[in-house]
Amino acid sequence: MENTQKALEQELIEQGFQEKDLERLRRFRLMDDDFMSKCFEDNIECTELVVKIVLNRDDLKIEQVHAQHQIKNLQGRSVILDIYAKDTNGKLYNIEIQRADRGASAKRARYHSSVIDSNTINAKQDYDKLPETYVIFITENDILKKNRPIYHIERMIQETGEYFGDEAHIIYVNGAYQDDSPLGILMKDFSCTNPSDMYYKPLYERAKYFKETKEGVATMCKMMEDMRNEAAEEAAERAFKEATKAERINLAKNLILSHKLSYEEISLYTQLPLEKVKELAQDIGA
């Protein structure tokens with residue numbers, strides 16, 4: 001098995017994939033949100049398994065799953081949900097993987113819940129049409145620090161101790177709590193780097209596909225390459241926005257001398273007025 005994997009990796013390296021990406025892929029676990037999102041992407045079986053175990057229910061059926069689902073908020077901060085799912089009764093589920101404690105704060109969970117609500121009904125619908133929602137954070141550490149495997153957060157009436165009944169649920173799953181219960185075994189699976197060590201078959205099959213098949217490994221390597229390129233583009237864009245006017249003028253002069261772009265294109269790229277670009281061209285005799 002090990003020789004087969006090495007042969008596969010060597011073949012992919014010869015095709016241009018980077019060895020550092022293959023090494024990173026070997027270390028991936030479902031507790032890593034990028035890997036988890038890819039494994040769960042459009043995969044009803046894996047998502048349904050997790051929701052059933054977390055909620056301790058066997059009677060629900062997931063009908064839609066979206067990974068890295070973006071919800072835009074024109075009035076505030078938009079969010080990208082790791083996993084966004086809907087069951088056959090219209091209930092909505094957001095599953096988030098968080099390795100860093102600060103990424104699973106109480107107010108972030110509250111915001112996820114509110115953004116899902118605000119994008120569920122239109123202006124003319126009655127509030128009673130809001131579906132029941134579950135925001136589920138699976139965290140690597142016990143961020144609530146009560147040594148419990150799972151925490152259910154519900155709004156309640158303080159004076160009576162009764163549940164408020166708004167059907168907005170927040171759940172924290174402690175990934176560090178790994179016993180022999182179904183939830184504990186699930187958290188063990190989420191911590192495995194080797195698919196063969198996983199207990200639940202749907203998770204094993206997806207992890208094995210992306211770690212041990214040519215198509216799956218190539219998909220993951222391409223994803224990591226795209227993420228690097230996107231990060232580099234964002235960094236370059238930030239650097240340009242922070243550039244001083246003098247730096248943009250120097251850039252414009254270099255572009256003028258290269259004779260590769262029109263004055264209009266240089267103006268657009270450097271965010272300098274067109275007349276300024278023409279003035280610079282005249283100054284340097286271009």
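For the single chain, residues carry numbers from 1 onward in sequence order. Nothing here was measured: the structure is a model prediction, and the numbers come from that model.
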Notebook entry, point to check: Hey, is the main chain of Gly103 close enough, under 3.5 Å, to the side chain of Arg108 for a donor-acceptor pair?
Noted result: yes
Checklist line | Side chain proximity check, Glu212 to Asn194, heavy atoms < 4.5 angstrom | finding: yes
Next item on the list: Say whether, by atom type as modelled, one donor and one acceptor occur between the side chain of Ser113 and the main chain of Ala109 under 3.5 angstrom.
Entry: no
Note to self: Exactly one of Val54, Leu55, Leu49 should register a side chain to side chain contact (heavy atoms under 4.5 Å, CB included) with Val51. Which one does?
What the structure shows: Leu55
Next item on the list: Say whether, by atom type as modelled, one donor and one acceptor occur between the side chain of Arg248 and the main chain of Thr270 under 3.5 angstrom.
Entry: yes
Notebook entry, point to check: Using the benzene-type ring in the case of Trp, are the ring centres of Phe35 and Phe28 under 6.0 Å apart?
Noted result: yes
Checklist line | Sub-4.5 Å side-chain heavy-atom contact between His69 and Ile80 | finding: no
Notebook entry, point to check: With Lys214, which residues qualify under salt bridge (Lys or Arg N to Asp or Glu O under 4.0 Å), at least two apart?
Noted result: Glu11
Note to self: Looking at Asn250 and Glu247, would you say the former's side chain and the latter's main chain have a donor-acceptor pair under 3.5 Å?
What the structure shows: no
Item checked: N/O donor-acceptor pair under 3.5 Å between Asn174 side chain and Ile150 backbone -> no
Note to self: Side chains of Leu92 and Pro131, heavy atoms from C-beta outward: is any pair under 4.5 Å?
What the structure shows: yes
Item checked: With sequence neighbours excluded, residues passing side-chain hydrogen bond (donor to acceptor under 3.5 Å, both in side chains) with Glu154 -> His169
Check: Counting only N and O atoms by type, is there a donor-acceptor contact under 3.5 Å from the side chain of Ser267 to the main-chain atoms of Val277?
Finding: no
Notebook entry, point to check: Looking at side-chain heavy atoms only, is the closest gap between Phe190 and Ile97 below 4.5 Å?
Noted result: yes
Next item on the list: State which residues pass side chain to side chain contact (heavy atoms under 4.5 Å, CB included) with Glu279; sequence neighbours excluded, sorted by chain then number.
Entry: Lys276, Asp283
Check: Using 4.0 Å as the upper bound for N to carboxylate O, is an ion pair formed by Lys61 and Asp87?
Finding: no
